Amino acid sequence: EPEVTQTPSHQVTQMGQEVILRCVPISNHLYFYWYRQILGQKVEFLVSFYNNEISEKSEIFDDQFSVERPDGSNFTLKIRSTKLEDSAMYFCASSEGAGYSTEAFFGQGTRLTVV
Amino acid sequence: GQNIDQPTEMTATEGAIVQINCTYQTSGFNGLFWYQQHAGEAPTFLSYNVLDGLEEKGRFSSFLSRSKGYSYLLLKELQMKDSASYLCAVHQAGTALIFGKGTTLSVSS
């Protein structure tokens with residue numbers, strides 16, 4: 001069964017450093033997303049991406065965040081200067097359509113720890 | 001504004017039936033999803049409702065009332081492996097899913 005894959009599974013970084021989280025969405029999907037979940041809290045939407053551009057973003061997704069689809073398969077989330085409060089599980093997801101009736105498939109997540 | 005409320009925790013025994021409620025107040029509505037999330041894992045899709053009524057899928061059913069801003073997930077014949085968090089999520093508009101805080105269900109023997 002096709003799945004969304006994320007690397008790395010765990011990432012520890014020092015405050016102020018840049019990190020790149022990588023995702024390979026399901027191959028025939030057109031919409032890609034990043035969500036995050038701080039430990040013990042709810043899943044929060046960060047950004048959605050379609051046709052090589054951001055289609056929607058939340059208040060969390062400020063200037064320190066960026067997304068990119070550098071080739072035909074990868075979808076990345078970059079955090080330029082990490083802060084302690086960026087520590088969370090970051091989930092990539094993808095869907096065939098715009099989501100109104102199509103489920104989003106989530107990857108296993110990258111646990112980011114900022115020290 | 002947006003608000004999605006679910007009970008924080010529920011407990012039940014194997015073989016029982018449990019109903020997890022979700023109420024929502026959102027500025028738009030394009031459908032409601034239920035996801036299951038085991039500890040430390042990704043959310044996995046359970047059900048989708050956009051019209052009022054009951055959607056049944058095996059042991060799991062989901063109900064929606066748009067006029068009341070209310071949904072529930074019904075789990076029948078509970079098994080130990082059903083111990084997980086159950087996330088109610090709403091599509092307001094656009095592409096984002098807005099999640100509730102989730103209900104942690106503990107199933108005991």
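Throughout, protein chains are lettered first and strands after them, A, B, ... in sequence-line order, and every chain is numbered starting at 1. Just so it is clear, the structure is predicted and the values come from calculations on it, not from any experiment.
- In the hydrophobic clustering of ILVMFWY residues, with side-chain heavy atoms under 4.5 Å counting as a link, B:Leu87 and B:Phe60 come out apart.
- A chain of hydrophobic side-chain contacts below 4.5 Å, direct or via other Ile, Leu, Val, Met, Phe, Trp or Tyr residues, connects B:Leu73 to B:Tyr24.
- Atoms CD and OH, on A:Glu103 and B:Tyr48 in that order, are 11.5 Å from each other to the nearest 0.5 Å.
- By the rule that hydrophobic residues join a cluster once side-chain heavy atoms approach within less than 4.5 Å of another member, B:Met10 and B:Val107 end up as members of one cluster.
- The CG atom of B:Leu97 sits 7.5 Å away from atom OH of A:Tyr33, with the distance rounded to the nearest 0.5 Å.
- The number of heavy-atom neighbours closer than 6.0 Å to CD of B:Glu77, taken from other residues, nucleotides and ligands shown, is 12 or below.
- Here A:Phe106 is the residue among A:Phe106, A:Phe45, A:Tyr50, A:Phe105 with the most heavy-atom pairs under 4.5 Å with chain B.
- Looking at every heavy atom in both residues, A:Tyr35 comes nearest to B:Ala96 through OH-C, 4.0 Å.
- Expressed to the nearest 0.5 Å, how far NZ of A:Lys42 lies from CD1 of B:Ile98 amounts to 7.5 Å.
- Two residues are said to be in side-chain contact when any heavy atoms from C-beta on lie closer than 4.5 Å; A:Gln41 and B:Lys101 fail this criterion.
- For A:Leu84, the CG atom counts as densely surrounded, since its 6.0 Å shell holds more than 12 non-hydrogen atoms of other residues, nucleotides or ligands.
- Your options are A:Gln37, A:Met89, A:Gln6, and the one with the most heavy-atom pairs under 4.5 Å with chain B is A:Gln37.
- Summarising the geometry of B:Ala42 relative to A:Gly107, their closest heavy-atom pair is CB-O, 2.7 Å, with the distance given to 0.1 Å.
- There is no path of hydrophobic side-chain contacts, each under 4.5 Å, that joins B:Leu74 to B:Val18.
- Residue A:Ala104 touches chain B through both its backbone and its side chain, counting heavy-atom pairs closer than 4.5 Å.
- No more than 12 heavy-atom neighbours from other residues, nucleotides or ligands sit within 6.0 angstrom of NZ on B:Lys68.
- The structure places CD of B:Gln92 at 8.5 Å from CD of A:Glu56, a figure rounded to the nearest 0.5 Å.
- With a 4.5 angstrom heavy-atom cutoff, A:Glu44 does not touch chain B via any of its atoms.
- Within a 6.0 Å radius of CG in A:Asp63, other residues, nucleotides and ligands contribute 12 heavy atoms or fewer.
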